[in-house]
Amino acid sequence: EELRRLVESGAESIAFSDTFMGDEGCRTLCEQLKDNQHVRSLDLRGCNIRSDGSVALATLVSSNSTLTFLGLEWNGVGMLENGFQALCKAVATSSSLVEVDLRNNNIGPAGGVALAALLGQNRTLERLDVRWNNLGVNGGRALAAAMESNTSIIGLELSGNKVLEESLRLVDKCLRRNRMEETQGGGQIESSIEHEKPRAVPAETSAPQAVRNVSQIQDHPRESREQPSYGNRPQREEWDLQDRIKGEHAAADMGVLRGKLLELSQALLEQKEHG
């Protein structure tokens, strides 16, 4: 009931970060949002979403014409091919999505091919973040080849995927071309670091509470794309530090890497407290 009231309130930004709602919670949320034409930002980081949730999100994306940002960091949408394929096909046909965050989602080489097909079809998506997945050589090559014909992407993050240097160079070349074309067309070039996400107040941290406490989520309209990278300063510093250790990713186990990130996050918090 509270979720229904939130959806009907006309909120433009909804965040359920770290609620671990799972596929069932994701399906419920998507069902409530299926006719919504107000929400522009949906942040579902750390929600334990996998294949069935990906299918539900695909249905939502296919029917929605206002959603511009979809955040799915720290989920498992790439674990099963059918769910991820459905999500990629939906994003490929979306005319509203501008940015999709798929960091840490167990996306393998087959998922890289699906993402490449997405980039070959979509002409409105500007930023795609797939850092810290398992795209590998073949997934990286597929994305690099797709970028040769894509003219809308100005930000494609691939760190932590064991992608070959030659593929990374080709992607970088295509990104510079797209940014140059945008400049010549009168657009504004943004920083290569992710732009600011809308900052809706997150729900509580359990699946039942995610529904019961949804009224706590506040409507924060999506902020200017010229603002610094999303979140507060400690968050931005944490994500910057993630990139600084990317030289270790080729031989790092994901569990070890996550432990390092948690240590860095704790160090930042301690620095802030003593700062």
Side-chain angles (χ1 to χ4, degrees), residues 1-64 66-88 90-91 94 97 99-107 111 129-133 197-220 222 230-231 235 254-255 258 261-262 265:
E1 180 65 23
E2 292 181 355
L3 176 58
R4 183 184 62 81
R5 285 199 298 267
L6 173 70
V7 171
E8 293 177 352
S9 72
E12 292 187 353
S13 182
I14 293 179
F16 278 90
S17 303
D18 302 316
T19 58
F20 300 97
M21 66 171 65
D23 286 346
E24 182 177 354
C26 184
R27 286 196 299 267
T28 300
L29 176 62
C30 291
E31 180 66 22
Q32 291 291 330
L33 291 173
K34 67 179 182 179
D35 297 320
N36 185 285
Q37 295 300 321
H38 299 289
V39 174
R40 300 175 60 207
S41 170
L42 184 58
D43 188 350
L44 299 176
R45 288 176 291 173
C47 285
N48 197 31
I49 297 170
R50 302 191 178 188
S51 182
D52 290 345
S54 298
V55 173
L57 284 168
T59 301
L60 174 64
V61 169
S62 297
S63 64
N64 186 283
T66 58
L67 191 65
T68 60
F69 169 72
L70 178 61
L72 292 171
E73 180 190 6
W74 284 118
N75 283 286
V77 300
M79 295 184 70
L80 294 178
E81 187 173 338
N82 62 330
F84 190 64
Q85 290 275 358
L87 181 60
C88 287
V91 175
S94 172
L97 276 172
E99 179 171 2
V100 176
D101 187 346
L102 292 171
R103 285 175 290 174
N104 296 289
N105 266 281
N106 293 293
I107 303 171
D129 195 338
V130 291
R131 284 177 289 178
W132 316 114
N133 283 288
K197 309 290 192 303
R199 292 167 291 177
V201 176
E204 296 295 330
T205 57
S206 69
Q209 290 175 328
V211 176
R212 290 198 302 270
N213 297 300
V214 71
S215 60
Q216 297 180 10
I217 301 176
Q218 300 177 3
D219 178 11
H220 292 272
R222 189 175 181 83
Y230 54 102
Q235 288 175 317
M254 183 58 69
R258 188 170 187 177
L261 295 179
L262 290 174
S265 178

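The analysis underlying the following values was restricted to heavy atoms, covering all of them including side chains, and did not include hydrogens, waters or symmetry mates. This is a predicted model, so every value here is computed, not measured.
If you take CG on Leu67 and CD on Gln37, they are separated by 10.0 Å, rounding to the nearest 0.5 Å. His38 contributes atom NE2, which lies 11.0 Å from atom CD1 of Ile14 (distance to the nearest 0.5 angstrom). Considering CZ of Arg40 and OG1 of Thr68, their distance stands at 5.0 Å, rounded to 0.5 Å. Taken from CG in Leu60 to CZ in Arg27, the straight-line distance is 14.0 Å, to the nearest 0.5 Å.
Between Val55 and Gly83 the shortest heavy-atom distance is CG2-CA, 3.9 Å. Shortest non-hydrogen contact noted between Val77 and Phe84 is O-CB, 3.3 Å. Scanning both residues, Ala11 and Val39, for their nearest heavy atoms gives O-CG2, 3.4 Å. What you find for Leu57 and Cys26 is that their closest heavy atoms are CG-SG, 3.7 Å. The two residues Ala90 and Ala58 make their nearest non-hydrogen contact at CB-O, 3.3 Å. The nearest pair of heavy atoms linking Asn106 to Gly76 is ND2-CA, 4.2 Å.
Residues satisfying the salt bridge (charged side-chain N to carboxylate O under 4.0 Å, His left out) test with Glu31, not counting sequence neighbours, are Lys34. Glu24 is linked by a side chain to side chain donor-acceptor pair (under 3.5 Å) to nothing, counting only residues two or more places apart in sequence or in another chain. The side chain to side chain donor-acceptor pair (under 3.5 Å) search around Ser62 returns none, not counting sequence neighbours. Looking at residues two or more places apart in sequence or on another chain, you find a side chain to side chain donor-acceptor pair (under 3.5 Å) between Asn64 and Thr66.
Without hydrogens or angle criteria, Asp18 side chain to Phe20 main chain gives no donor-acceptor distance under 3.5 Å. At least one donor-acceptor pair closer than 3.5 Å links the side chain of Asn105 to the backbone N or O of Leu72. At least one donor-acceptor pair closer than 3.5 Å links the side chain of Asp129 to the backbone N or O of Arg131. Within the 3.5 Å criterion, the main-chain N or O of Thr59 finds a donor-acceptor partner in the side chain of Ser63.
Under the 4.5 Å side-chain criterion, counting only non-hydrogen atoms from C-beta, Leu44 is in contact with Leu29. You'll find the side chain of Leu42 stays beyond 4.5 Å of the side chain of Phe69, heavy atoms only. Contact annotation: the side chain of Trp74 never approaches that of Arg103 to less than 4.5 Å [non-hydrogen atoms, C-beta and beyond].
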Would you check, one step at a time, whether the test side chain to side chain contact (heavy atoms under 4.5 Å, CB included) holds for Leu70 with Asp101? CA-CA 6 Å; Leu70 178 61; Asp101 187 346; over 6 Å; no

Let me have the donor-acceptor pairs involving side chains of residues 47-54, under 3.5 Å, with sequence neighbours excluded, atom names and distances please.
residue, atom, partner, partner atom, Å
Ser51, OG, Asn82, OD1, 3.1
Ser54, OG, Arg50, O, 2.7

